[in-house]
Amino acid sequence: MNADLLARSAEEVAPGLLGSVLTCRTPEGTVSIAITETEAYSGTADPASHAYRGRTSRNAVMFGPAGHLYVYRSHGLHWCANVVTGTDGIASGVLIRAGRVIEGEDLARGRRGEKVESPRLARGPGNFCRALGITAEHNGADLLTGTSVVLSEGEPVPAVLIQAGPRVGVSRAHDWQHRFYLAGDPTVSAYRLSPRAKPSDGS
């Protein structure tokens, strides 16, 4: 993966990450997942971003440099992973929402449950991280030159397959068209409007 591709705004990077592959190597083994769904978060300019109110110890990784992994706990239950993008010092990131397991499916299924169907193994940001084995220890990992978690280019995705829509489950700026996904792909998560959603400017 070219670092220059990530050194742009989250809205530019998010659709470009579709088809890319995230690989996580753990003592249990290796799992690779081709990304099929993303969401862009624009830092201090985005009311739904963790960095909206500025830098904290929790969100510091989001402020750069690009090409690192920002990992956080969602609702106290699930780990979620973001690819840090943009200019060093300015928060920006892309949440990885879903993908298709292309290596290590047995290991991924062992983490997710033996009865989970293949398209559901990495559907949703929490399941994506669980299938890969990503936890808090991977926060700040270098995706471009590191070894434990690596982001690489995958098969090119035809532009006609890429669709955009409102973000899932956020209460603020939920209707921003910053969610990108592969049309008709069974691994893509279902859209759900947060019951706490508030009107926004529709950016």
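Predicted model, so just to flag it, every value in this text is computed and none were measured.
Note that CZ of Arg112 is 9.5 Å distant from CZ of Arg123, once rounded to the nearest 0.5 Å. Of the inter-residue distances, the one linking Thr36 atom OG1 with Ile162 atom CD1 reads 11.5 Å to the nearest 0.5 angstrom. Here the NE2 atom belonging to His50 is positioned 4.5 Å from the OH atom belonging to Tyr72, to the nearest 0.5 angstrom. The line from OG of Ser92 to CE of Met62 is 6.5 Å long, rounded to the nearest 0.5 Å.
Applying the salt bridge (charged side-chain N to carboxylate O under 4.0 Å, His left out) rule to pairs touching residues 7-29 yields Glu28-Arg111, sequence neighbours excluded.
Hydrophobic clustering (ILVMFWY, side-chain heavy atoms < 4.5 Å, transitive): Val168 and Phe128 are in distinct clusters. Each of Val188 and Val157 belongs to its own hydrophobic cluster when Ile, Leu, Val, Met, Phe, Trp and Tyr are linked at side-chain heavy-atom distances under 4.5 angstrom. A continuous path of Ile, Leu, Val, Met, Phe, Trp and Tyr side chains, each step under 4.5 Å between heavy atoms, connects Val13 with Leu161, placing both in one hydrophobic cluster. Under a hydrophobic clustering in which Ile, Leu, Val, Met, Phe, Trp and Tyr are joined whenever their side-chain heavy atoms come within less than 4.5 Å, directly or via other members, Tyr181 and Val94 fall into different clusters. Phe180 and Leu95 are assigned to two separate hydrophobic clusters, defined by single-linkage of ILVMFWY side chains at heavy-atom distances under 4.5 Å.
Taking the six-membered ring wherever Trp is involved, the centroid distance between the rings of His178 and Tyr41 does not fall below 6.0 Å.
Considering every non-hydrogen atom in both Tyr70 and Arg58, the closest pair reads CE1-O, 3.4 Å. In this structure, Ser74 and Cys80 approach most closely via the heavy-atom pair CB-SG, 3.7 Å. Minimum heavy-atom separation, Arg55 to Ala60: NH1-O, 3.8 Å. Taking each heavy atom of Gly93 and Ala10 in turn, the nearest pair found is O-CB, 3.5 Å. Contact between Ala122 and Ile33 at its shortest, heavy atoms only, is CB-CD1, 3.7 Å. Closest approach of Asn2 and Asp4 over heavy atoms only: OD1-N, 2.8 Å.
Results of the side-chain contact (heavy atoms from CB on, under 4.5 Å) test with Leu143 over Val83, Val150, Leu6 single out Val83 as the only residue that passes. Looking at Leu17, Val21, Thr23 one by one, the single match for side-chain contact (heavy atoms from CB on, under 4.5 Å) with Leu151 turns out to be Leu17.
The side-chain heavy atoms of Pro47 and Trp176, taken from C-beta on, include a pair separated by under 4.5 Å. The closest side-chain heavy-atom distance from Pro119 to Arg100 is not below 4.5 Å. Here the side chains of His138 and Cys24 are in contact, with some heavy-atom distance below 4.5 Å. Between Leu22 and Val149, the closest side-chain pair of non-hydrogen atoms falls below 4.5 Å. Residues Thr38 and Leu18 are in side-chain contact: their nearest non-hydrogen atoms beyond the backbone lie under 4.5 Å apart.
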Does the pair Glu103 and Thr30 meet the rule for a side-chain contact (heavy atoms from CB on, under 4.5 Å), with working shown? CA-CA 7 Å; Glu103 179 184 358; Thr30 298; 3.9 Å; yes

Give the intermediate values and the outcome of side-chain contact (heavy atoms from CB on, under 4.5 Å) for residues Ser189 and Arg97. CA-CA 7 Å; Ser189 60; Arg97 285 201 52 85; 3.1 Å; yes

Would you sort out whether Ser9 and Thr85 count as a side-chain contact (heavy atoms from CB on, under 4.5 Å), showing the intermediate values? CA-CA 6 Å; Ser9 70; Thr85 64; over 6 Å; no

Output, in order, the C-alpha distance, side-chain angles, deciding distance and verdict of side-chain contact (heavy atoms from CB on, under 4.5 Å) for Ser118 and Glu105. CA-CA 8 Å; Ser118 295; Glu105 183 168 326; 2.7 Å; yes

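Although no hydrogens or angles enter the test, the distance criterion places no donor-acceptor pair under 3.5 Å between the side chain of Asn82 and the main chain of Ile96. Between the His68 side chain and the Val84 main chain, no donor and acceptor come within less than 3.5 Å of each other. A donor-acceptor pair under 3.5 Å is formed between the side chain of Arg109 and the backbone N or O of Val116. With hydrogens and angles ignored, the 3.5 Å screen pairs no side-chain donor or acceptor of Thr87 with any backbone N or O of Ile90. Asn139 contributes a side-chain N or O that, together with a main-chain N or O of Val71, makes up a donor-acceptor pair within less than 3.5 Å. Between the side chain of Thr26 and the backbone N or O of Gly29 there is at least one donor-acceptor pair closer than 3.5 Å.
Annotation: salt bridge (charged side-chain N to carboxylate O under 4.0 Å, His left out) contacts of Arg167 (sequence neighbours excluded): Asp46. Taking the salt bridge (charged side-chain N to carboxylate O under 4.0 Å, His left out) definition, one finds that Glu153 meets it with nothing, sequence neighbours left out.
Taking the ring centre of Trp79 as origin, the terminal cationic atom of Arg130 falls outside the region bounded by 6.0 Å and 45° from the ring axis.
Crowding of Arg120 atom CZ: a count of heavy atoms from other residues, nucleotides or ligands under 6.0 Å not exceeding 12.
Between Glu37 and Arg179 there is a salt bridge, since a side-chain N of the basic residue sits under 4.0 Å from a carboxylate O of the acidic one.
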